[in-house]
Undergrad: 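This is the structure I have questions about; it appears just below.
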Amino acid sequence: MGRGVGRAAGSPKPGGRIDSGRSCASPAPAAIAASVRPAASALLEVRKRDLLLDLRHGSFRITTGQQEQDAPDHDEKRDEEHDQAGHGYDLGQTAEIDDRHAPFARAPWGCIARAAMMQSHSPWTGRPIVLVGLMGVGKSTVGRRLAARLSLPFADADHEIEAAAGLSVTEIFDRFGEPYFRDGERRVIGRLMDGTPKVIATGGGAFVNDETRNLILEQGLAVWLNASPDVLAERVRRRDTRPLLRGRDPKTVLTDLASRRDPYYALAPIHVSSQRGPHEATVNAILKAIGR
Ligand SMILES: Nc1ncnc2c1ncn2[C@@H]1O[C@H](COP(=O)(O)OP(=O)(O)OP(=O)(O)O)[C@@H](O)[C@H]1O
Ligand SMILES: O=C(O)C1=C[C@@H](O)[C@@H](O)[C@H](O)C1
Ligand SMILES: [Mg+2]
């Protein structure tokens with residue numbers, strides 16, 4: 001079932017391009033290997049640094065005593081209601097700088113400001129802030145809140161693609177296939193990266209595309225939102241709008257995607273972990289990480 005995107009029923013743009021631009025040729029295996037090698041070595045470097053700066057203590061915890069609830073990214077009113085009601089679990093909730101790639105993993109709250117400064121290799125200078133990461137991590141719902149906190153426009157790449165195509169993401173996958181969606185995604189993000197300050201939530205696979213990733217890294221400030229497969233699987237179960245998960249066990253798929261995509265996401269200069277907890281905790285962690 002697709003997300004409603006305000007299209008004229010039965011009048012998709014037939015076989016047309018989702019956005020203006022060039023078509024995307026599949027990368028040759030050698031090109032993929034060349035792209036992955038620096039990603040893996042970057043990851044290794046970060047891990048080495050993590051070992052040297054061993055700040056592994058407690059966690060920044062917020063307890064709201066309520067279950068984390070669904071908050072569809074396109075339903076702002078409902079999202080806000082959930083926010084006011086409070087998200088999360090009756091256990092301690094965590095929003096922290098990424099626990100594998102940052103030197104201040106699981107640091108107590110008092111350490112996070114200092115740690116965030118250490119992590120801010122690229123403090124925000126007004127470039128588009130681009131959220132990347134796996135499905136369900138919160139790019140859309142956190143991104144919209146982040147934009148509100150910074151008084152910036154917000155754009156959701158998935159929604160932009162849907163609006164341009166007059167079809168939901170699921171319908172685009174079904175009618176035209178994933179390569180067509182990826183091509184549209186690349187061009188839509190190219191259009192969104194217009195140099196003006198804004199927050200952009202990407203689709204989960206966007207940052208894996210070499211051209212898209214390079215554009216974001218060159219012209220934006222990429223923030224990797226990360227969460228454990230358990231947390232992701234809980235979140236994505238709430239909506240049946242992700243074609244890559246249809247009829248499959250979400251945790252299995254997300255664990256597999258994480259192993260393949262994390263080396264790419266790790267190339268983002270800012271890493272923020274979004275574990276169980278309110279969206280605002282993740283927003284706060286991002287703001288600290290980008291020096292705001
Ligand atoms: N602290 C939190 N951080 C992020 N998401 C949360 C949080 N608490 C609850 N959620 C919920 O997780 C679900 C997934 O979030 P969202 O749709 O923003 O993910 P996404 O990264 O945009 O996924 P996709 O790549 O599929 O678009 C939503 O229902 C959202 O409300
Ligand atoms: O991780 C992915 O590949 C995807 C994530 C979603 O945001 C959508 O872009 C689409 O469902 C594909
Ligand atoms: Mg999204």
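As the structure lists them, so they are numbered: ligands from 1, and atoms in each ligand from 1. Because the structure is predicted, anything quoted here is derived from the model rather than measured.
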Undergrad: Is Leu131 touching ligand 1 with its side chain, its backbone, both, or neither, if touching means heavy atoms under 4.0 Å apart?
TA: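 Within the 4.0 Å criterion, Leu131 makes no contact with ligand 1.
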Undergrad: Which of these, Gly204, Gly205, Gly136, has its nearest heavy atom closest to atom 23 (O) of ligand 1?
TA: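 Going through Gly204, Gly205, Gly136 one by one, Gly136 has the nearest heavy atom to atom 23 (O) of ligand 1.
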Undergrad: Between ligand 1 and Leu134, can you find any atom pair, the residue atom being a heavy atom, that is separated by under 4.0 Å?
TA: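 Right, Leu134 reaches ligand 1.
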Undergrad: Check if Arg276 has a non-hydrogen atom at a distance under 4.0 Å from any atom of ligand 1.
TA: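 No; Arg276 lies far enough from ligand 1 that no heavy-atom distance drops under 4.0 Å.
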Undergrad: Side chain, backbone, both or neither: which applies to Thr241 and ligand 2 if a contact is any heavy-atom pair less than 4.0 Å apart?
TA: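 Neither; nothing of Thr241 gets under 4.0 Å from ligand 2.
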Undergrad: Within a distance under 4.0 Å of any heavy atom of Gly205, pick out the atoms of ligand 2 and give their elements.
TA: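 Result: 1 (O), 2 (C), 3 (O).
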Undergrad: For Ser140, which part has a heavy atom under 4.0 Å from ligand 1: side chain, backbone, both, or neither?
TA: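 It is both backbone and side chain that touch ligand 1.
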Undergrad: For ligand 2, indicate whether the residue His159 contacts it via side chain, backbone, both or neither (heavy-atom separation under 4.0 Å).
TA: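 For His159, no heavy atom sits under 4.0 Å from ligand 2.
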Undergrad: Taking atom CZ of Arg292 as the centre, report whether more than 12 heavy atoms of other residues, nucleotides or ligands fall under 6.0 Å from it.
TA: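 Open.
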Undergrad: Does any N/O atom on Thr202 come nearer than 3.5 Å to any N/O atom on ligand 1?
TA: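 No, since none of the N or O atoms of Thr202 sits under 3.5 Å from an N or O of ligand 1.
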Undergrad: Is Met135 close enough to the Mg ion (ligand 3) that one of its N, O or S atoms comes in under 2.8 Å?
TA: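 So Met135 does not count as coordinating the Mg ion (ligand 3).
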Undergrad: Just let me know how Glu162 lines up against ligand 2, side chain, backbone, both or neither, with a heavy-atom cut-off below 4.0 Å.
TA: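 No part of Glu162 is near ligand 2 at this cut-off.
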Undergrad: Report the part of Pro278 in contact with ligand 1, treating N, CA, C, O as backbone and CB onward as side chain, heavy atoms under 4.0 Å; options are side chain, backbone, both, neither.
TA: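 For Pro278, only backbone atoms sit under 4.0 Å from ligand 1.
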Undergrad: With atoms numbered from 1 as shown, which atoms in ligand 1 lie under 4.0 angstrom from a non-hydrogen atom of Arg238?
TA: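 With Arg238 as reference, the close atoms of ligand 1 come out as 9 (C), 10 (N), 11 (C), 12 (O), 29 (O).
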Undergrad: Do any nitrogen or oxygen atoms of Gly138 come within less than 3.5 Å of a nitrogen or oxygen of ligand 1?
TA: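 Yes.
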Undergrad: Yes or no: does Ala201 have any heavy atom under 4.0 Å from an atom of ligand 1?
TA: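 Contact absent.
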Undergrad: What atoms of ligand 1 come within less than 4.0 Å of a heavy atom belonging to Val142?
TA: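 Those of ligand 1 that fall under 4.0 Å from Val142 are 3 (N), 4 (C).
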Undergrad: Is any N or O atom of Arg182, backbone or side chain, closer than 3.5 Å to an N or O atom of ligand 2?
TA: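 Checking ligand 2 against Arg182, an N or O pair does fall under 3.5 Å apart.
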Undergrad: Please report whether ligand 1 has a polar contact with Lys139, defined as an N or O pair separated by less than 3.5 Å (distance criterion only).
TA: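 Yes; at least one N/O pair falls below 3.5 Å.
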Undergrad: Could you give the distance from CD1 (Ile270) to CD1 (Ile286), rounded to the nearest 0.5 Å?
TA: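 Here the interatomic distance stands at 10.0 Å.
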Undergrad: Near Arg239, which atoms of ligand 1 are under 4.0 Å from a heavy atom of that residue?
TA: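 The list of qualifying atoms is 17 (O).
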